[in-house]
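Nothing fancy with the numbering, it's 1 onward along the sequence.
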Amino acid sequence: REPADAADATGLACAAAARLRGHHREYRAALLAQDREDLLTKLGRLASGTGAAQRTERSAAPELCFVFTGQGAQWAGMGLGLRDADATFRAALDHVNTVFEWLGELRPVAELEAGNRLDRTDVAQATVFAIQVALVRTLEKRGIRPAAVVGHSVGELAAAVAAGLT
């Protein structure tokens, strides 16, 4: 897809580099040092190839931690492309939207479509929560579950959903 702006282009470039360019991984190193002198000695040995390099291999797939943001991450139209393309996401988003409708006047999907009230705390938090829960349900459907969750502000609520506390 074409980037919307410079920030989007930067994000796309970083995502592509992380996903497609793994050649640097064999060159990573971690050193433990007691002090500055020890670190400099170990760095020198590593650079010259005379140091005893230890290589570690993963014995299992890495565990995932889902991190859920608070408000501020929302934008007009957020998640609507995924809603249109993915039935699981759409069903989960519709479910959260229905709960909000039952609770009161707020409809997160309509707010994302309109995009003109996302600067209001109640609207921003509802839309962020709705998208996060829908993403969790979509990933669960694909067998992706977190080993840990963490959230900030309204993200704490989405983390609780991801942890199965609701």
Taking side chain to side chain contact (heavy atoms under 4.5 Å, CB included) as the definition, give me every residue that meets it alongside A76, ordered by chain and number, with sequence neighbours left out.
L118
Let me check something: do L64 and L139 share a hydrophobic cluster, defined by ILVMFWY side-chain heavy atoms less than 4.5 Å apart, either directly or through other members?
yes
I'd like to know if I131 and V109 are part of one continuous hydrophobic network [Ile/Leu/Val/Met/Phe/Trp/Tyr, side-chain heavy atoms within less than 4.5 Å].
yes
Would you say F129 and V161 make side-chain contact, with heavy atoms under 4.5 Å?
yes
Which heavy atom of G79 sits nearest to which heavy atom of F89, and what is that distance?
O-CE2, 3.3 Å
Using 0.5 Å steps for rounding, measure from the OG1 atom of T88 to the CD atom of E140.
10.5 Å
Measuring from D122:CG to E105:CD, what's the distance to the nearest 0.5 Å?
11.5 Å
Under a plain distance cut-off of 3.5 Å, with no hydrogens placed, do T69 and Q132 share a side-chain donor-acceptor pair?
yes
Just jot down the side chain to side chain donor-acceptor pair (under 3.5 Å) partners of T41, sequence neighbours excluded, or say none.
none
Work out which heavy atom in A162 is nearest to a heavy atom in F68; give both atom names and the distance.
CB-CZ, 3.7 Å
Mind checking what makes side chain to side chain contact (heavy atoms under 4.5 Å, CB included) contact with L106, not counting sequence neighbours?
F100, E111, R117, V123, A126
Quick one: do M78 and L82 end up in the same hydrophobic cluster if we chain Ile, Leu, Val, Met, Phe, Trp and Tyr together by side-chain heavy atoms under 4.5 Å apart?
yes
Among pairs that include at least one residue of residues 93-104, which meet salt bridge (charged side-chain N to carboxylate O under 4.0 Å, His left out), considering only residues two or more places apart or in two chains?
E101-R107
Non-hydrogen atoms of A159 and G151 that approach each other most closely:
CB-N, 4.1 Å
Within the 4.5 Å heavy-atom criterion, are F66 and I144 side-chain neighbours or not?
yes
Are the side chains of T138 and K141 in touch, meaning some heavy atoms are under 4.5 Å apart?
no
Once side chain to side chain donor-acceptor pair (under 3.5 Å) is applied, do any residues pair with E156, and if so which ones, sequence neighbours excluded?
none
From R45 CZ over to K42 NZ, what is the distance, rounded to the nearest 0.5 angstrom?
8.5 Å
Who else is in the cluster with L103 when I, L, V, M, F, W and Y are joined by side-chain contacts under 4.5 Å?
V99, W102
Give me the atom names and distance for the closest heavy-atom approach of D119 to N116.
OD1-O, 4.2 Å
Please enumerate all residues that pass side chain to side chain donor-acceptor pair (under 3.5 Å) together with D86, with sequence neighbours excluded.
R142
R36: what forms a salt bridge (charged side-chain N to carboxylate O under 4.0 Å, His left out) with it, not counting sequence neighbours?
none
Donor-acceptor contact present, side-chain Q74 to main-chain G72, <3.5 Å
yes
Same cluster for V128 and V133 if Ile/Leu/Val/Met/Phe/Trp/Tyr side chains link at under 4.5 Å?
yes
Does a side-chain heavy-atom distance below 4.5 Å link Q71 with S153?
no
Set of side chain to side chain contact (heavy atoms under 4.5 Å, CB included) partners for D35, sequence neighbours left out:
E37, D38
By side chain to side chain donor-acceptor pair (under 3.5 Å), which residues pair with R145, not counting sequence neighbours?
none
Hydrophobic cluster membership, V149 vs L157, 4.5 Å side-chain cutoff:
no
Using a 4.5 Å side-chain heavy-atom cut-off and chaining through intermediate ILVMFWY residues, the residues clustered with V67 come out as V150
For R90, the salt bridge (charged side-chain N to carboxylate O under 4.0 Å, His left out) test, sequence neighbours excluded, returns none
